[in-house]
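Please read the structure below before turning to the comments.
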2 protein chains.
Amino acid sequence: MPRLEPAALAEETSDDLWADHDPPASRRLLLAAVDSFAELGYHGTTTRQIAATAGMSPAALYVHYRTKGDLLFQIALTAHESVVATLHAAMDPRAARPARIRAMVYAFTRWHARHHRAARVIQQHELAALPADHRERVYALRRETARMFLDEVSAGVAAGEFDVPDPAGTTRALTSLGIDVARWYDPAGARSPEEIAALYAHLALRMLGVRPAG
Amino acid sequence: MPRLEPAALAEETSDDLWADHDPPASRRLLLAAVDSFAELGYHGTTTRQIAATAGMSPAALYVHYRTKGDLLFQIALTAHESVVATLHAAMDPRAARPARIRAMVYAFTRWHARHHRAARVIQQHELAALPADHRERVYALRRETARMFLDEVSAGVAAGEFDVPDPAGTTRALTSLGIDVARWYDPAGARSPEEIAALYAHLALRMLGVRPAG
DNA sequence: CAGTCTACTGAGCAGTCGCTTATTCTCGGG
DNA sequence: CCCGAGAATAAGCGACTGCTCAGTAGACTG
């Protein structure tokens, strides 16, 4: 099991995705929406539920958000931007290749465990409920994430540091592994986000054909 | 890239999950429901949509199914039973360990690509819409699937054939990888279910620390 | 040809949905 | 003390939801 530098990786990005969301009432609505969307789905959640969870009347939601879909868009945009920021922060340009991709997988996986509620909302197929232009903004961030992983893997293959017959497919598997953590992760479960992330970073290096150097 | 025996693996289970569902009208409703649930989610789908897709009046649905939730249950049960059957068929008791787990990952992954619509329905968190006893029957099948993989990995570790520091976590990763295929798989995409399955079987062996024997 | 059964439909009920509107509350500044 | 402005509410609109039910069409029985 590879050792990671927990201190260096721990706090690149804020723990609370919605920390800088003001005013407080608007933030409470967002939090309520994330929880409810994650558990019951976008269509399974009513605006009345969200408002009630936030301790407000049904109409209060429309003081802060134009529509229910607008709430979903705010969640999706914030979450995807956070993923991209987390990845950028994890990529130390001075680090060697295996260490860098390890840090990326670690950060990516840990993000999906920590923010599993938000991650569930955006990975369920309910982004289809968004208007096309909003959906496209989210997809652009998603493509950026995929590209960061693929560039790193491809460069490693070109440099002979990775042994990967199918870089695109393997990269897809790498990211898929991290994303799916949000589906099954249980805060009451045995493993912490950091333990899962460390395991997955280790598995990623194996998938890339990196011999365990020590 | 390991070679798999496509002939031996290809047709253990029927291609059509709903083949033995009679009468035809009931089957058409099921198919319509799977498509619609997969695309719009359980709560995002209306009984009128399902009936219309099946070419019937809204009330016709209730001739064949007690409730909308009953439709979801039939889908979930059929799909999960198919997964278990597919896995059992893939486990050749005479095969050596690495070949057996490779065949399991191959079959499991290919199932999730082939039946990505059904897989999406049952993996979205909408099984929560089922009554507790029905949900429990589905979860039992899911536990059986997980146990089959864990038993195989554990036995391989005990026999010294696999090099796995964390068998439970690695097994979870193995299955998670296959399940998540249903989320991103696109029939119009570059890779066939068989190609994805072969890649994932290969990656699984790497994750288990099996040296590429040839 | 009368009687029976089954698959199916048209019409609609009671309740809920997202969202709007008119009104009241709250509170800092003059 | 009153005022203006944004935050929040009560009430409710029109559309739609899952589901029901009385009734129809058509194939089978005797």
Side-chain angles (χ1 to χ4, degrees), chain A residues 18 20-76 121 124-132 134-135, chain B residues 18 20-76 121 124-132 134-135:
Chain A
W18 328 103
D20 49 351
H21 220 95
D22 262 332
S26 157
R27 200 166 78 107
R28 259 160 46 222
L29 286 165
L30 249 185
L31 284 168
V34 170
D35 276 4
S36 205
F37 288 167
E39 197 177 347
L40 306 163
Y42 174 73
H43 292 289
T45 300
T46 71
T47 56
R48 285 168 174 82
Q49 268 174 50
I50 297 170
T53 304
M56 309 170 82
S57 79
L61 191 150
Y62 295 90
V63 175
H64 299 279
Y65 299 93
R66 280 179 42 258
T67 63
K68 182 188 176 188
D70 190 35
L71 248 174
L72 177 61
F73 176 59
Q74 298 299 333
I75 293 168
V121 175
Q124 285 160 13
H125 281 245
E126 322 189 284
L127 251 52
L130 292 179
H134 283 180
R135 199 167 53 230
Chain B
W18 328 103
D20 49 351
H21 221 96
D22 262 333
S26 157
R27 200 166 79 106
R28 258 161 45 223
L29 286 164
L30 250 185
L31 283 168
V34 168
D35 276 3
S36 205
F37 287 168
E39 196 177 346
L40 305 163
Y42 174 73
H43 291 290
T45 299
T46 71
T47 55
R48 282 168 176 81
Q49 266 173 53
I50 297 169
T53 304
M56 309 170 84
S57 80
L61 192 150
Y62 295 91
V63 174
H64 299 279
Y65 300 93
R66 279 179 44 258
T67 63
K68 183 188 176 189
D70 190 35
L71 247 175
L72 177 60
F73 177 59
Q74 298 299 332
I75 293 168
V121 174
Q124 284 162 15
H125 282 247
E126 323 189 283
L127 252 51
L130 293 179
H134 283 181
R135 200 167 52 231

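Numbered from 1 within each chain, the chains take letters A, B, ... in sequence-line order.
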Is there a side-chain contact between [X] and [Y], using heavy atoms and a 4.5 Å cut-off?
X	Y	answer
B/Lys68	B/Phe37	yes
B/Asp70	B/Thr67	yes
B/Gln49	B/Leu40	yes
A/Asp35	A/Thr53	no

Original post:
Going 5' to 3' along DNA chain D, which nucleotides are the first and last within contact of chain B (any atom under 4.0 Å from a heavy atom)?
Top reply: D/dT17 to D/dC21
Identify the two heavy atoms, one from [X] and one from [Y], that lie closest to each other, and give their separation to 0.1 Å.
X	Y	result
A/Tyr42	A/Glu126	N-OE1, 2.9 Å
B/Leu130	B/Gly69	CD2-O, 3.5 Å
B/Ser26	B/His64	CB-ND1, 3.6 Å
A/Leu71	A/Leu30	CD2-CD2, 3.8 Å
A/Ala51	A/Ser57	CB-O, 3.3 Å
B/Arg27	B/Trp18	CD-O, 3.0 Å

Original post:
Is a side-chain N or O of B/Arg48 found less than 3.5 angstrom from the main chain of B/Pro58, in a donor-acceptor match?
Top reply: no
Original post:
Just the endpoints, please: which first and last nucleotides of DNA chain C, 5' to 3', lie under 4.0 Å from a heavy atom of chain B?
Top reply: C/dC8 to C/dG12
Original post:
For A/His43, what residues pass the ring-ring contact (aromatic ring centres under 6.0 Å, His included) criterion, not counting sequence neighbours?
Top reply: none
**OP:** Output the distance between atom CG (A/Leu72) and atom CG (A/Leu127), rounded to the nearest 0.5 Å.
**Re:** 6.0 Å
Original post:
How many angstroms lie between atom NE2 of B/His21 and atom CZ of B/Arg28, to the nearest 0.5 angstrom?
Top reply: 13.5 Å
Original post:
Between residues 24-35 of chain A and DNA chain C, which residues have a heavy-atom gap below 4.0 Å?
Top reply: none
**OP:** Pull out every residue in residues 46-58 of chain B that has a heavy atom closer than 4.0 Å to any atom of DNA chain D, ordered by number, or say none.
**Re:** B/Thr46, B/Thr47, B/Arg48
Subject >> Strand contacts (DNA chain D) in residues 38-45 of chain A, 4.0 angstrom heavy-atom criterion >> reply: none
**OP:** For a side chain to side chain contact (heavy atoms under 4.5 Å, CB included) with B/Met56, tell me which candidate from B/Leu29, B/Ile50, B/Val63 qualifies.
**Re:** B/Leu29
